[in-house]
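Comments concern the structure below.
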Amino acid sequence: MGQYDVRPYKSGDETQIIELLHKVFNGWPKFNPGCSRLEHWRWKYIDNPVNVGVTTCVSVNDGKIVGCMHDFQGQYHLFREGIIAGKGADLAVHPKHRRQGLYSRMVDILNESRVKNRVELTTFISDNPIVIERTKRRGSILLSPATTMVKINDIDLHLKHNHVENPWIKKLGMSLLKTLNKPKQRVIKRSPDLRLEEKTSFGNEVDEYYNHVKTEYDFISVKYRDFLNWRYCDNRGGNYRPVQAWQSGELVGYIVSRIVNETQGYPVGYIYEFQFIPGYLDVANSLLRETLDHLDSKSVNMIIAWALRGQSIIKIFNEAGF
Ligand SMILES: CC(C)(COP(=O)(O)OP(=O)(O)OC[C@H]1O[C@@H](n2cnc3c(N)ncnc32)[C@H](O)[C@@H]1OP(=O)(O)O)[C@@H](O)C(=O)NCCC(=O)NCCS
């Protein structure tokens with residue numbers, strides 16, 4: 001196989017990186033971003049307003065890119081201190097070049113840049129045991145496990161569109177769960193001046209909102225308008241739907257959802273942001289209901305949202321049928 005050149009990304013690498021991602025993940029990205037894959041990649045890894053230092057690393061063999069790894073960076077407040085955190089993402093090594101240490105060498109280059117640029121925390125989300133075990137062997141800690149919450153309206157429809165083994169057992173299990181989790185909704189009185197508004201961009205109001213809530217948390221992802229506009233309002237990133245909640249002229253929460261058509265004829269809804277001033281349960285309830293109604297109106301049968309285990313937000317999702 002010869003020598004490998006493992007190095008930071010250089011302009012001109014992107015076409016081969018995308019080809020590699022497409023091959024290894026059997027399609028990349030896994031949704032239609034409404035633009036070329038190249039534009040989507042540039043949005044994700046070049047135009048992130050937080051980026052510092054190396055954010056893409058490649059392994060080259062015989063002039064061909066056979067490995068790539070990315071750092072999806074974000075700002076956080078940790079005990080009120082602003083920090084930048086990297087998140088390993090879109091990591092792929094061509095099947096013919098695995099177990100040659102390429103992943104490890106790419107991580108080393110990213111880590112070197114992280115140290116130089118004061119990227120003080122590194123995270124990743126993965127279900128690949130190779131990545132999980134390697135990271136554990138290096139002393140990383142497993143944060144509170146993420147919980148995926150799912151709401152399925154029609155189980156038969158879900159089974160029709162998704163190949164599952166032993167469908168009747170799954171159906172029985174799902175029906176049982178649905179009955180057990182039957183929404184036990186609290187009666188929450190909605191404030192009479194609460195107003196919801198669909199948006200196409202974020203303005204100063206989210207900066208004020210963030211400054212208001214950030215002190216309530218020991219660890220919080222920084223969500224100022226530059227970040228939110230890049231993340232959710234740039235079409236190259238996908239087609240998101242932000243809805244804001246206003247009360248007495250003040251932003252009191254927002255939610256961001258998206259419909260993805262990964263499987264033909266079976267759109268899936270995702271909830272990416274669900275923010276509200278702590279304790280404003282009527283705001284939470286109204287934002288979630290409005291989004292669920294919207295997804296229903298678009299014939300979305302399955303909706304997915306995430307939380308960390310133990311977060312109080314899970315109760316609100318459970319009450320809505322997740
Ligand atoms: C995961 C992946 C990137 C690993 O790349 P790689 O270049 O083969 O990995 P390396 O050779 O650098 O090995 C890294 C470590 O994993 C171990 N490892 C690699 N492949 C392994 C395997 N098949 N089984 C067990 N351990 C394995 C190595 O022993 C090494 O451990 P060590 O550093 O503690 O000694 C590659 O398998 C891949 O592209 N998989 C498909 C895409 C994917 O799932 N990406 C991750 C998404 S989060």
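Residues: numbered from 1 along the sequence shown. In each ligand, atom 1 is the first atom listed, and ligand 1 is the first ligand listed.
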Within the 4.0 Å heavy-atom shell around V24, which atoms of ligand 1 are there?
41 (C), 42 (C)
Region of R134 engaging ligand 1 - heavy atom pairs below 4.0 Å
side chain
Under 6.0 Å from the ring centre and within 45 degrees of the ring axis: does the NZ or CZ of R134 meet both conditions for the six-membered ring of Y103?
yes
Exactly one candidate in E205, E208, E273 meets salt bridge (charged side-chain N to carboxylate O under 4.0 Å, His left out) with K223; the answer is E273
Let me know which of F202, Y76, Y224 forms a ring pair (Phe, Tyr, Trp, His ring centres under 6.0 Å) with Y210.
Y224
Counting from 1 in the order shown, the ligand 1 atoms closer than 4.0 Å to a non-hydrogen atom of S126 are 48 (S)
Using heavy-atom distances only, which candidate in V66, L91, V107 approaches atom 3 (C) of ligand 1 most closely?
L91
Shortest protein contact, atom 38 (C) of ligand 1 (heavy atom only)
R98 NE, 3.4 Å
Closest protein heavy atom (residue, atom, distance) for atom 17 (C) of ligand 1:
R137 NH2, 3.9 Å
Return yes when R105 approaches ligand 1 closer than 4.0 angstrom through a heavy atom, no otherwise.
no
Mark up the atoms of ligand 1 that fall under 4.0 Å of a heavy atom belonging to G101, in ascending order.
10 (P), 11 (O), 12 (O)
Considering F25, Y4, Y103, which one's heavy-atom position lies nearest to atom 5 (O) of ligand 1?
Y103
Hydrogens and angles aside, do R231 and Y240 bring a side-chain donor and acceptor to less than 3.5 Å of each other?
yes
Assess R225 against Y209: is NZ or CZ under 6.0 Å from the centre of the six-membered ring, and within 45 degrees of the ring's axis?
no
Give me the nearest non-hydrogen protein atom to atom 18 (N) of ligand 1 as residue plus atom name, then the distance to 0.1 Å.
I130 CG2, 3.5 Å
Around atom 12 (O) of ligand 1, find the nearest protein heavy atom and jot down its residue, atom name and distance.
S104 N, 3.0 Å
List the steps and the verdict of side chain to side chain donor-acceptor pair (under 3.5 Å) for S201 and N229.
CA-CA 6 Å; S201 65; N229 281 326; 4.8 Å; no
If only side-chain N and O atoms count, and only distance matters, is there a donor-acceptor pair under 3.5 Å linking H97 with Y4?
yes
Pairing donors with acceptors under 3.5 angstrom, does anything connect the side chains of W41 and E39?
no
With heavy atoms of A92 as the reference, note each atom of ligand 1 found under 4.0 Å away.
39 (O)
Report the member of N128, V131, V93 with the shortest heavy-atom distance to atom 39 (O) of ligand 1.
V93
Nearest-option assignment for atom 28 (C) of ligand 1, heavy atoms, candidates R99, M106, K136:
R99
Taking the six-membered ring for Trp, are the ring centroids of F219 and Y217 within less than 6.0 Å of each other?
no
Side chain, backbone, both or neither: the part of R138 lying under 4.0 Å from ligand 1 by heavy atom:
side chain
Is the closest side-chain donor-acceptor distance between D90 and Y45 under 3.5 Å?
yes
